[in-house]
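Okay, structure first, notes after.
The sequence lines fix the lettering, A, B, ..., with proteins before strands; numbering per chain opens at 1.
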Amino acid sequence: MKYIKLLRFDLQNGMIRKYSLIIIPLFLSMIACVDLHNRVSIINSQGHFPRQFSTSFANYLGYIYGGMAEYDASAHIPFVFPVRWIIVLFSILFITLNYPYNDMQSVGQQILIRTKGRSLWWLSKCGWNICCTVIFHFVIYLSTIIFCLLTQSKILSSVDVELMNAMFKTNRATQVSDTGILPFSFLLLPIAISIGINLFQMTLSLFIKPMFSFLFISLFMLSSAYFMSPFWIGNYAMPIRYNLMHTNGMLISNGIIVSILLITASIIIGLISFRYYDIINRD
Amino acid sequence: MTFNMLKLECKKAIFNKFFLLSILIGCLITSSSLIPNIQSYYRDINMAKKLLDSGTVIYNSYGPLESLFNHWIGSEAISAGSVNFFFIFPILIAIPYGWSYCLEKQKGYIRNVVLRSGKPRYYFSKYVAMFVSGGLAMVIPLLLNFIITAMFVPAVYPDPSYITGYGIFTASILSKFFYTNPFLYVYLYLLVDFVFCGLITCLCFALATFIKNRVVVVLMPFFILLAFRYICTSFIYVSSTTVYKELSPMFFLHPVPPAYNTTWLIITVEAIIVLIFTFYMSIIRGIHNEIY
């Protein structure tokens, strides 16, 4: 009961009043949808492909969350970071960065005293963080559906692999298949990874200042785009690098395990370290 | 009096733990580019030496490519260190002093200072101090990388015959200097980086006039640049067959253009826009703002 009350308080203060949680994903997805719509029109008019491409809900999502094709430094081609993927994942990292820290500096101290324990406060922040991340991605999904309705694109459809390969300029040698379709359900893994990374950032903020924890996660995520390896967890948030689209790609099953482990470890480590955390005069 | 205030603010901006931390992080990132670049230099030199010794080749035709000017961090956009540094720099330059106005306003320090020195002096000194701290936070790790690379790799003058190996083409800014006086090219590019990064840091000051949260103020310039890049990618760089001009500071502050070449006009116009915005928001509006 106490937990529900705390979570309700956090959702009221840290989520409902946060308009950025609605406005930012709305803009990000709308820009990406317009971008893909234009690019598909250009590709279709150029006639470089044997067939005409069509846009759909799953294709839009694939374009937003896709990430980038494997980077090969030995080819001596400059690395250009995947700005769409980065801005989507970093925005929610930024939105959820400060609330727990600020809350602890203000009313949080009163709550901690009144609840007579620290675990519930931390678990409530974890719940709030997960809710914010889910809402953020839900707004992206919802605005993409709205865009599909406006442009009369298909909603119940699958990801067009050929279109994704064309958009992300994947290496032909590593493509699993040129043509084919994939269920859009595999696009849910980036959300799970996003939840895990957000929780990890919150846990990290207990040890270092929030801006440094953001800096650390940013470097980690960019390195994930640079190195295609299962050890760089950000790779599991890039559907274009999954084994369904890449010959040596990331296994989705491993991605699910990694995200569950990351979420659990972040919550538990945070829970333990928060017990010994000095909440007074942290400034 | 103005000079004293300026000296005090600059001292606060440079001699603080966040400045040192930012430089340290910057140097750590740039050093991760240093090691592979030096390794690649020695690997190539050894290979050339073996070929020369075996008599397979008469002379090392790739000699001009083994130069300091294409082995330091600014000359490549391939190593992880270079990629990370030129991605994360908007945060690194804001860390040293981007938060100061926010904190001083919050703690009431500003009231005491303004009482003694007056608003124009305080706001002007703060602006200059932020500018200097941001510029230095960007340039010091780059300069250090350049100097350390110079200890291992000779400063062979770039040969225009190997233009594709350097990535500095005729359309690139300062390309004439790169092939005639490469040291001047490096220093001028570092100056461009210093000025632009100084202005980007001043965005923190401008934003702090209406944002109360320090973390948001420090990270906001990074997101503004990221959003600008996102808009450029989505609406301007749409065709893969067209050669565009680089508009994003996240890319054109890199001495070797990772995507497109930029022009002086773009750099100047963007710098003027940022200067006017930051100067107006922080100094002109700041002077008229109520601080009590």
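The line from CD1 of I91(B) to CG of L219(A) is 8.0 Å long, rounded to the nearest 0.5 Å. Taking OG of S79(B) as the start and OH of Y226(A) as the end, the distance is 6.0 Å to the nearest 0.5 Å. Note that CD1 of I87(A) is 4.5 Å distant from CG of L226(B), once rounded to the nearest 0.5 Å. To the nearest 0.5 Å, atoms CZ (F81(A)) and CZ (R229(B)) are separated by 6.0 Å. One finds the CG atom of N84(B) at 5.0 Å from the CG atom of L222(A) (value rounded to the nearest 0.5 Å). M30(A) contributes atom CE, which lies 13.5 Å from atom OG of S234(B) (distance to the nearest 0.5 angstrom).
Residue pairs meeting the salt bridge (Lys or Arg N to Asp or Glu O under 4.0 Å) criterion with at least one member in residues 79-90 of chain A, sequence neighbours excluded, are D35(A)-R84(A).
For V216(B), the parts lying near chain A are the backbone and the side chain together; criterion is any non-hydrogen pair under 4.5 Å. If you measure heavy-atom distances from A94(B) to chain A, you find no contacts under 4.5 Å at all. Residue F222(B) touches chain A through its side chain alone, counting heavy-atom pairs closer than 4.5 Å. The contact between F227(A) and chain B is made entirely by side chain atoms (from C-beta outward), counting heavy-atom distances below 4.5 Å. The contact between V218(B) and chain A is made entirely by side chain atoms (from C-beta outward), counting heavy-atom distances below 4.5 Å. The contact between I77(A) and chain B is made entirely by backbone atoms, counting heavy-atom distances below 4.5 Å.
Considering every non-hydrogen atom in both P78(A) and P258(B), the closest pair reads CB-O, 3.4 Å. Heavy-atom minimum distance, M211(A) versus W99(B): CE-CD1, 4.5 Å.
Side-chain contact between F18(B) and F212(A) is present, with heavy atoms from C-beta onward closer than 4.5 Å. Within the 4.5 Å cutoff, the side chain of F235(B) has heavy atoms near those of the V34(A) side chain.
No other option in I86(A), N38(A), I42(A) has as many heavy-atom pairs under 4.5 Å with chain B as I86(A). In terms of heavy-atom pairs under 4.5 angstrom with chain A, the leader among F251(B), F86(B), F223(B) is F223(B).
Of all residues in residues 62-76 of chain A, those placing a non-hydrogen atom less than 4.5 angstrom from a non-hydrogen atom of chain B are Y71(A), A73(A), H76(A).
Side-chain atoms of Y230(B) never come within 3.5 Å of backbone atoms of I31(A) as a donor-acceptor pair (strictly under, hydrogens ignored).
The number of heavy-atom neighbours closer than 6.0 Å to CZ of F53(A), taken from other residues, nucleotides and ligands shown, is above 12.
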Check step by step if side-chain contact (heavy atoms from CB on, under 4.5 Å) holds for I78(B) and F79(A).
CA-CA 6 Å; I78(B) 293 161; F79(A) 179 87; over 6 Å; no
